[in-house]
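Down below is the structure, laid out as structure tokens.
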Amino acid sequence: MKIGAKHYHTIWLKEDDQQIVQVIDQRKLPFQFEIYDMKTVEDAYFVIREMVVRGAPLIGVTAAYGMYLALLGFSEGDLEHYLKSKADYLKSSRPTAVNLAFAVDEMFDFIINNLGSPELIQLTLSKAHELKQQEIEFGEKIGEAGLEIIEAIYQRKGETVNILTHCNAGWLACIDWGTATAPIYKAHLKGIPVHVWVDETRPRNQGARLTAYELGEEGVPHTVIPDNTGGHLMQHGMVDMVIVGSDRTTVRGDVANKIGTYLKALAAKDNAVPFYAALPSSTFDWELEDGVSEIPIEQRNAEEVSRIEGWDGTQIQSVQLIPEKSTVANFGFDVTPARLVTGLITERGVCRADKQSILKLFPEKQK
């Protein structure tokens, strides 16, 4: 996708230095466009933990390159023990997104299986590139699968399809295309009139700052709304479908996503609005059944709630938003039970949010 008419991925190797991995610093968007250089595994941990990068697919790919940087940083001792400690370190950066552990484990196993190779560093880099390319392909295929849903609504309705989304599950949260936005971009490119209701997504305003930014860069009509507006819009027939992303989805179809997603699903159910989650197979947790009780929910820094960032015309400023003496609860995610999910949009197609349907798409995961 594009920024200022120039095509970007969200993560890449520095052109003249293979020991530096670069990412877009999403903390600065949409006000400033800056590149962050990762030179060490500690840098990779930092960009994930501090949300320089965001979104489950991008977090996973960033961690993959983090394992490559960890290998570059090895000097002496037991390499396997060293890599295991760095793998655990990276996985501790954020607990909810399953792509993180998936990518780290993939990289760790790959390195261990190739320890005897004289080309180990280059092979490891190629493996990280492979995981990156896989996520790009997943996003595009998710877009094609979801496009059919949008197209069917348009053919039935005959006018603009209004889509509500929550948080950022766009190309900035992935590598290219996105998950929830991929069908939207595909529809827009095909000439289907779409309009996106963009939840601001407090407390970090990832909808208002990131989703609105990337939709604007692609020329997709959109409107930023306060988080609690969606139910009202649905009551008045102003939403044709909801598409959200996912940070972890259980094998029976429970979806963990940015806090507030569950409330949108409840409103959608009450108003007979179809509610879809778009995700690649790397976001499924094949070991978990009950999302509400089993998925770990990250609790983040109180300052994300007590303060708010904005642009004063010259720089990004942070100001106090609540009384100094008030305490804060900052749960990063909630879980939408499968019963509220109309369907899951994956790189292999669309399925119902239940175990039988999911495993029919991914038969190799059956035990």
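FYI, side chains are in, hydrogens and waters are out, and symmetry mates aren't considered; it's all heavy atoms of this structure.
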Within the 4.5 Å heavy-atom criterion, are [X] and [Y] side-chain neighbours or not?
X	Y	answer
N330	Q299	no
M38	F46	no
I259	F333	no
I24	I3	yes
K127	E130	yes
V61	K132	yes
L71	L79	yes

Roughly how far apart are [X] [atom1] and [Y] [atom2], rounded to 0.5 Å?
X	Y	atom1	atom2	result
K258	N168	NZ	CG	11.0 Å
E119	L125	CD	CG	12.0 Å
H188	H222	NE2	NE2	11.5 Å
N114	D109	CG	CG	11.0 Å
K269	R339	NZ	CZ	8.0 Å
I175	L58	CD1	CG	5.0 Å

Side-chain donor/acceptor of [X] to backbone N/O of [Y], under 3.5 Å:
X	Y	value
R54	I59	no
T283	D247	no
R300	G332	no
E214	L172	yes
K157	T160	yes
D176	I136	no
D43	T40	yes
S357	A353	no
T165	I243	yes
D227	T201	yes

Shortest non-hydrogen separation from [X] to [Y] and the atoms involved:
X	Y	result
I142	P183	O-CG, 3.8 Å
L361	G349	CD1-O, 3.7 Å
A212	V224	CB-CG2, 3.7 Å
L69	K39	CD2-O, 3.8 Å
G245	T179	CA-OG1, 4.0 Å

I'd like to know if the side chain of [X] pairs up with that of [Y] as donor and acceptor (distance under 3.5 Å, no hydrogens or angles considered).
X	Y	value
S306	Q320	no
Q235	N271	no
S293	D290	yes
D285	T250	no
T211	Q206	no

### Message
With side chain to side chain contact (heavy atoms under 4.5 Å, CB included) as the criterion, how do E289 and E294 come out once you've worked through the C-alpha distance, each side chain's angles and the decisive distance to 0.1 Å?
### Response
CA-CA 8 Å; E289 296 267 349; E294 295 183 282; 3.9 Å; yes
Looking at [X], I want to see if its [atom1] is surrounded by more than 12 non-hydrogen atoms of other residues, nucleotides or ligands under 6.0 Å.
X	atom1	result
H81	NE2	no
E364	CD	yes
K2	NZ	no
E304	CD	yes
E15	CD	no

### Task
Quick one: do T342 and M241 satisfy side chain to side chain contact (heavy atoms under 4.5 Å, CB included)? Show the steps, please.
CA-CA 10 Å; T342 306; M241 66 182 299; over 6 Å; no
Is there a path of hydrophobic side-chain contacts, each under 4.5 Å between heavy atoms of I/L/V/M/F/W/Y residues, joining [Y] to [X]?
X	Y	result
I150	L233	no
L29	V220	yes
V273	I225	yes
I163	W197	no
Y154	I184	yes

#### Entry: Residue list, salt bridge (charged side-chain N to carboxylate O under 4.0 Å, His left out) with R352, at least two apart or on another chain
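Expected list: D354.
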#### Entry: Lys NZ or Arg CZ of K86 over Y89 ring: under 6.0 Å, within 45°
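Yes, cation above the ring, under 6.0 Å and within 45°.
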### Query
Can K141 be said to sit on top of W177's aromatic six-ring, NZ or CZ under 6.0 Å from centre and within 45° of the ring axis?
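Checked: cation-pi criterion not met.
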### Query
Only one of E140, E148, E151, E218 clears salt bridge (Lys or Arg N to Asp or Glu O under 4.0 Å) with K186; which?
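Single salt bridge (Lys or Arg N to Asp or Glu O under 4.0 Å) partner of K186 among E140, E148, E151, E218: E140.
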### Query
Between F31 and Y213, is a ring pair (Phe, Tyr, Trp, His ring centres under 6.0 Å) present by the stated rule, with each step listed?
CA-CA 10 Å; F31 311 115; Y213 173 67; 9.2 Å; no
### Query
Step by step, would you call R49 with E42 a salt bridge (Lys or Arg N to Asp or Glu O under 4.0 Å)?
CA-CA 10 Å; R49 179 65 193 169; E42 289 77 19; over 6 Å; no
### Task
Decide, yes or no, whether a salt bridge links R209 with E200 under the criterion of side-chain N to carboxylate O below 4.0 Å.
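The answer is no: the pair does not qualify as a salt bridge.
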### Message
Between T62 and I48, is the side chain to side chain contact (heavy atoms under 4.5 Å, CB included) condition met? List the steps.
### Response
CA-CA 8 Å; T62 302; I48 295 169; 3.9 Å; yes
### Query
What do you reckon, are the aromatic ring centroids of W171 and Y185 less than 6.0 Å apart?
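So the answer is no for these two rings.
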### Message
For F284 together with F102, are the ring centres under 6.0 Å from each other?
### Response
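Not close enough - the centres of the two rings lie 6.0 Å or further apart.
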### Task
Take the angle between the ring planes of Y68 and Y65 and call it parallel below 30°, perpendicular above 60°, tilted in between.
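The rings of Y68 and Y65 stand perpendicular, inter-plane angle above 60°.
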### Task
Carefully, step by step, assess V21 and K14 under the rule side chain to side chain contact (heavy atoms under 4.5 Å, CB included).
CA-CA 6 Å; V21 181; K14 190 172 183 180; over 6 Å; no
